[in-house]
Amino acid sequence: RDRQPIIAIDGPAGAGKSTVARQVAAKLGLVFLDTGAMYRALTWLVLQKGIPMDDECAIAELANSCSIRLTPSEDLKSPVRVWINDNDVTTKIRTAEVTSKVSAIAAQSAVRQALVKQQQRWGKEGGLVAEGRDIGTQVFPDAEVKIFLTATVSERARRRQQDYKKQGQPEVSLEELEASIKERDGQDSTRLVSPLMKAADAIEVVSDGLTIDEVTTGIVNLYKQCLTHS
Ligand code: CDP
Ligand code: CDP
């Protein structure tokens with residue numbers, strides 16, 4: 001093999017991809033790549049510059065010229081830092097405004113081309129756990145382990161509500177959260193370019209009723225099995 005193994009984790013919003021991917025990476029000494037954070041960072045920049053969401057030319061230019069960096073933090077509880085053009089946008093990319101606009105930006109083919117190219121450059125040597133929507137299908141189609149991580153909409157809304165509570169953010173109703181999750185899932189799965197979809201060779205994990213540690217251990221074991229069989 002000319003590179004280290006790759007674990008690809010795809011799935012809908014709130015399934016637990018970031019949390020689990022980060023723990024799996026820490027356990028196995030691999031790099032964690034949160035591709036959603038990249039689409040969010042670009043969305044933040046588009047909003048900050050006041051570029052209309054449908055100005056695909058201007059957005060394409062920005063996608064090709066901006067510099068996105070993800071810097072790890074040792075502490076699994078503090079977020080991985082996200083930078084775009086030297087702005088620390090770690091918390092700014094999690095606002096409701098960015099969340100409601102990100103799928104429209106992520107549907108633009110020039111945006112995907114630019115960000116996927118960057119992801120593949122970072123993953124050239126392998127040795128990473130990447131999570132997103134198109135990792136197993138487009139970004140790293142030859143990943144050694146592919147997981148499609150899901151949970152029911154109500155469970156995912158409940159998790160998001162807990163996340164907001166813990167962060168001390170204003171309470172959002174479960175109905176509102178379910179509606180926003182469904183809308184984003186719909187947009188992400190029906191777009192023309194690289195829609196959210198389970199790769200044919202991915203293992204589906206439904207995480208309702210499973211703890212983070214259980215999901216993490218399951219993936220770590222799959223990875224170890226795959227290494228001994230290759
Ligand atoms: O964490 P959450 O599931 O809310 O979303 P995310 O992983 O941060 O991704 C935000 C959005 O970026 C998604 O709703 C997709 O529209 C887009 N995305 C994508 O198109 N492809 C990826 N590989 C990752 C994210
Ligand atoms: O990245 P994605 O949007 O798929 O999910 P996330 O940002 O990792 O958020 C999932 C939330 O559900 C976090 O608060 C986790 O602590 C929680 N959770 C989980 O990820 N996995 C479980 N099996 C149970 C809860």
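Starting from 1, each residue takes its place in the sequence as its number. Atoms within each ligand, like the ligands themselves, are counted from 1 in listed order. Nothing here was measured: the structure is a model prediction, and the numbers come from that model.
The residue among Val98, Ile135, Asp188, Leu42 with a heavy atom at the shortest distance from atom 16 (O) of ligand 1 is Asp188. Looking at Gln108, Gln138, Arg40, it is Arg40 that brings a heavy atom closest to atom 2 (P) of ligand 1. The nearest non-hydrogen atom to atom 9 (O) of ligand 2, considering only Arg160, Arg159, Glu214, Arg133, comes from Arg160. Across the listed options Asp10, Asp163, Leu149, Thr19, Thr19 owns the non-hydrogen atom lying nearest to atom 8 (O) of ligand 2.
Closest to atom 12 (O) of ligand 1, if we only count protein heavy atoms, is Val102 CG2, 3.6 Å. What sits closest to atom 25 (C) of ligand 1 on the protein, heavy atoms only, is Gly36 CA, 3.5 Å. Atom 24 (C) of ligand 1 has its closest protein heavy atom at Thr35 OG1, 3.3 Å. With respect to atom 5 (O) of ligand 2, the closest heavy atom belonging to the protein is Gly16 N, 3.0 Å. Residue, atom and distance of the protein heavy atom nearest to atom 23 (N) of ligand 2 are Leu210 O, 2.7 Å. Protein heavy atom nearest atom 1 (O) of ligand 2, with residue, atom name and distance: Ser18 OG, 2.6 Å. Closest protein heavy atom to atom 19 (C) of ligand 2: Ile212 CG1, 3.5 Å. In terms of protein heavy-atom proximity, atom 21 (N) of ligand 1 is nearest to Arg112 NH2, 2.9 Å. Atom 4 (O) of ligand 1 has Arg184 NH2, 2.8 Å as its closest protein atom, hydrogens excluded (heavy atom only).
Listed by number with element, the atoms of ligand 2 under 4.0 Å from a non-hydrogen atom of Thr211 are 23 (N). Numbered from 1 in the order shown, with element, the atoms of ligand 1 that lie under 4.0 Å from a heavy atom of Ser103 read 14 (O), 16 (O). Residue contact check: Asp134 has heavy atoms under 4.0 Å from atoms 21 (N), 22 (C), 23 (N) of ligand 1. The contact set between ligand 2 and Pro12, taken as ligand atoms under 4.0 Å from a residue heavy atom, comprises 4 (O). For ligand 1 and Gly132, the ligand atoms under 4.0 Å from any heavy atom of the residue are 22 (C), 23 (N), 24 (C). Atoms of ligand 1 found under 4.0 Å from any heavy atom of Gly14, numbered from 1 in the order shown, are 3 (O). In the vicinity of Ala106, heavy-atom distances shorter than 4.0 Å reach the ligand 1 atoms 16 (O), 17 (C), 20 (O).
Side-chain contact of Glu131 with Thr35: a donor-acceptor pair under 3.5 Å is absent, judged by distance alone. With hydrogens and angles left out, the side-chain atoms of Tyr39 and Arg112 include a donor and acceptor closer than 3.5 Å. A side-chain donor from one of Arg40 and Thr99 sits under 3.5 Å from a side-chain acceptor of the other. A side-chain donor from one of Thr90 and Asp88 sits under 3.5 Å from a side-chain acceptor of the other. Using modelled atom types, one finds no donor on one side chain facing an acceptor on the other under 3.5 Å when comparing Arg159 with Ser154.
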If you apply the rule side chain to side chain contact (heavy atoms under 4.5 Å, CB included), what do you find for Ser194 with Thr137, and how did you get there? CA-CA 8 Å; Ser194 311; Thr137 54; 5.6 Å; no
Apply side chain to side chain contact (heavy atoms under 4.5 Å, CB included) to the pair Thr43 and Ile93, showing each step before the final yes or no. CA-CA 8 Å; Thr43 304; Ile93 60 170; over 6 Å; no
Would you sort out whether Val139 and Gln120 count as a side chain to side chain contact (heavy atoms under 4.5 Å, CB included), showing the intermediate values? CA-CA 6 Å; Val139 183; Gln120 290 173 334; 4.0 Å; yes
Test side chain to side chain contact (heavy atoms under 4.5 Å, CB included) on Ile212 and Gln23 and set out the steps. CA-CA 9 Å; Ile212 296 163; Gln23 292 213 1; 3.7 Å; yes
Check step by step if salt bridge (Lys or Arg N to Asp or Glu O under 4.0 Å) holds for Arg158 and Glu178. CA-CA 9 Å; Arg158 207 161 30 238; Glu178 282 197 17; over 6 Å; no
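Distances from ligand 2 to the non-hydrogen atoms of Gly11 include no value under 4.0 Å. Not a single heavy atom of Gln119 lies less than 4.0 angstrom from ligand 1. Using a 4.0 Å cutoff on heavy atoms, Lys17 counts as a contact of ligand 1.
Contacts between Val20 and ligand 2 below 4.0 angstrom, taking non-hydrogen atoms only, are absent altogether. Counting heavy atoms under 4.0 Å from ligand 2, residue Ala151 does not touch it at all. At a heavy-atom distance under 4.0 Å, no atom of Arg156 approaches ligand 1.
No donor-acceptor pair closer than 3.5 Å links the side chain of Glu214 to the backbone N or O of Ser207.
Taking only nitrogen or oxygen atoms, main chain and side chain alike, Ala13 does not reach within less than 3.5 Å of ligand 2. Ligand 1 has no nitrogen or oxygen under 3.5 angstrom from a nitrogen or oxygen of Asp34. The shortest N or O to N or O distance between Val215 and ligand 2 is not below 3.5 Å.
Scanning all heavy atoms of the two residues, the minimum distance from Met38 to Ile68 falls at O-CD1, 3.8 Å.
Residues Leu33 and Val24 do not share a hydrophobic cluster, clusters being chains of Ile/Leu/Val/Met/Phe/Trp/Tyr side chains in contact below 4.5 Å. Val31 and Val129 fall into different hydrophobic clusters, where Ile, Leu, Val, Met, Phe, Trp and Tyr side chains are chained together by heavy-atom contacts under 4.5 Å. Residues Ile105 and Ile181 do not share a hydrophobic cluster, clusters being chains of Ile/Leu/Val/Met/Phe/Trp/Tyr side chains in contact below 4.5 Å. Under a hydrophobic-cluster definition in which Ile, Leu, Val, Met, Phe, Trp and Tyr are linked whenever side-chain heavy atoms come within less than 4.5 Å, directly or via other members, Leu222 and Phe148 are assigned to different clusters.
A 4.5 Å side-chain heavy-atom check between Ile84 and Trp44 finds at least one atom pair inside the cut-off.
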